[in-house]
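Let me begin by presenting the structure, written as structure tokens, before commenting on it.
In what follows, every heavy atom counts, from backbone to side chain, and hydrogens, waters and symmetry copies are set aside. Naming convention: chains lettered A, B, ... in sequence-line order (proteins, then strands); numbering from 1 in each chain.
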Amino acid sequence: MSVNALLRETAARLLAEGTVRLVVGWEKGTLPLRTTPLLARTAEQADRLVADATCDQNLAVYLTRFKDEKVALVARPCEARTLVEYCREHRASPDRVLAIGVPCTGMLSRRALERRLSGRLPAAGRLEGDLVICSGEDWEERLPLTDLLEPVCYGCRLPGADRYWRVLGESRPPAGDRYAELDRFRQMAGEERYAAFCRAVERCIRCYACRQACPMCYCPECFSDRSAPTWVGSSDDLSDTMVFHLTRTLHLAGRCVDCGACVRACPVGVDLRHLHLRLGREAEERFAYRPGLDAADRPLVATFRPDDPEEFIR
Amino acid sequence: MSEAWEPKIVAFLCHWCSYAGADLAGISRMQYPPNVRVIRVPCSGAVNPFYLIKALQRGADGVLVSGCHPGDCHYLAGNLVARRKFAMLKALLEHVGLEEGRVQFSWVSAAEGQKFADVIREVTETVRALGPAGRFRKARRALCR
């Protein structure tokens, strides 16, 4: 039985039996090789569920809207890690959310595919095993999926199997060094790093798509929306955009589960994942804390240990 | 007419220790550079890392946060939580190219007037050596709006 069939059957049964009121998953989108979130409340709706490499939103973001209902969440490692953080921050309780583990071998990168097709827009596309097949009026390309994966998938960290209610298949993310990009950035001199940061935020149009796509940005009112006091200026000065990104990164310190949803949601291709990686690494090396994996009681910056290192304090 | 540049340093001092330490330095007539602008806060844990980013954006050449020594916090653990936040803040700002030494942290107790004067002297000299801050700073044109 294919994963999709297994998933549909499981979801339909959960809904029919009344175990859950809602299944959060993906369905096929209107564009080729795209998916869109599906909130299924009936067995018929659940029959549209899909889970494959074209699913690129982090679904956990919907959980905070349905706090009082029993929900089943179609979960890859990204969602499962988010769920760990949600439980820690009391955004979801493990007895209200059933995580249906679906196998993931890495997400198809929309940007990598666009680059590979050099401007041609596919009219149709499908996945066949490890091949991405897309075609237009007079062309067809068969590309290996392993060349078109999201950078965030390399070295993906798998949460323990006990994080799922049921697992429908084993996840095998591509091997790689999660910190490769961070190491490249850190090799530059301070001046170059600042210049690179400026180049990245210069493109930002402050549409806040990154914030909306981020499962950990669930504040009812974001600091960037406050007008009394105005925390973030609304001018087109680069520094205001920097303040937004730096503060958002700090608010995600020790909370970012490295799903890359912010990068994929960005309409202008701002990639500031290395900022989050920098703090993730700091959390791990300085405080032995790994967001999304270790189920400690308290969030990283809401607690302390008496012997936390303080070599930077006079 | 241009005057010689002097570093502007914003110092967030906790009410219970470092501010009293500054007071002691003052009443003991200790000399320290007049480059700091002191902002009194209830606790170093009350200093939102955002304040530091904002201070740099609005023209500070350096920022200092000073609180009670670990174990001496009036609110028991404010400074210990602050220690974690500032470790993250410093790592992030220096990652994106802030010069090391623009943001600094210290523990100064109410009895350490001399240490306060020394810290201010050291911080001022470090920032002076770095020169005027340019990064993360809002352009004057934009500031006027």
Which residues pass the ring-ring contact (aromatic ring centres under 6.0 Å, His included) test with A:Tyr194, not counting sequence neighbours? B:Phe136
CD/B:Gln31: more than 12 non-hydrogen atoms of other groups inside 6.0 Å: no
Can you confirm whether more than 12 heavy atoms, excluding those of A:Gln212, are under 6.0 Å from its CD atom? yes
Where along [range] does a heavy atom come under 4.5 Å of chain A, listed by residue number?
range	value
residues 5-13 of chain B	none
residues 82-113 of chain B	B:Arg83, B:Arg84, B:Lys85, B:Phe86, B:Ala87, B:Met88, B:Leu89, B:Lys90, B:Ala91, B:Leu92, B:Leu93, B:Glu94, B:His95, B:Val96, B:Gly97, B:Gln104, B:Phe105, B:Ser106, B:Trp107
residues 18-30 of chain B	none

What is the minimum heavy-atom distance between B:Val123 and A:Arg314, and which atoms define it? CG2-NE, 4.0 Å
In short, A:Leu250 meets B:Pro49 closest at the heavy-atom pair CD1-CB, 3.8 Å
Determine the option with the most heavy-atom pairs under 4.5 angstrom with chain B, choosing from [options].
options	answer
A:Glu192, A:Met188, A:His274, A:Arg186	A:His274
A:Glu191, A:Met242, A:Arg286	A:Glu191
A:Val243, A:Leu300, A:Asp308	A:Asp308
A:His251, A:Arg278, A:Glu282	A:Arg278

Segment of [X] engaging chain B (4.5 angstrom heavy-atom cut-off):
X	answer
A:Phe197	side chain
A:Ala189	neither
A:Arg305	both

Of B:Lys54, B:Arg58, B:Gln57, the one forming a side-chain contact (heavy atoms from CB on, under 4.5 Å) with A:Ser239 is B:Gln57
So how far is it from [X] [atom1] to [Y] [atom2], rounded to the nearest 0.5 Å?
X	Y	atom1	atom2	answer
A:Glu310	B:Leu80	CD	CG	8.5 Å
A:Thr247	B:Asn48	OG1	CG	8.0 Å
B:Ile53	A:Phe244	CD1	CZ	12.0 Å
A:Leu238	B:Arg135	CG	CZ	13.5 Å

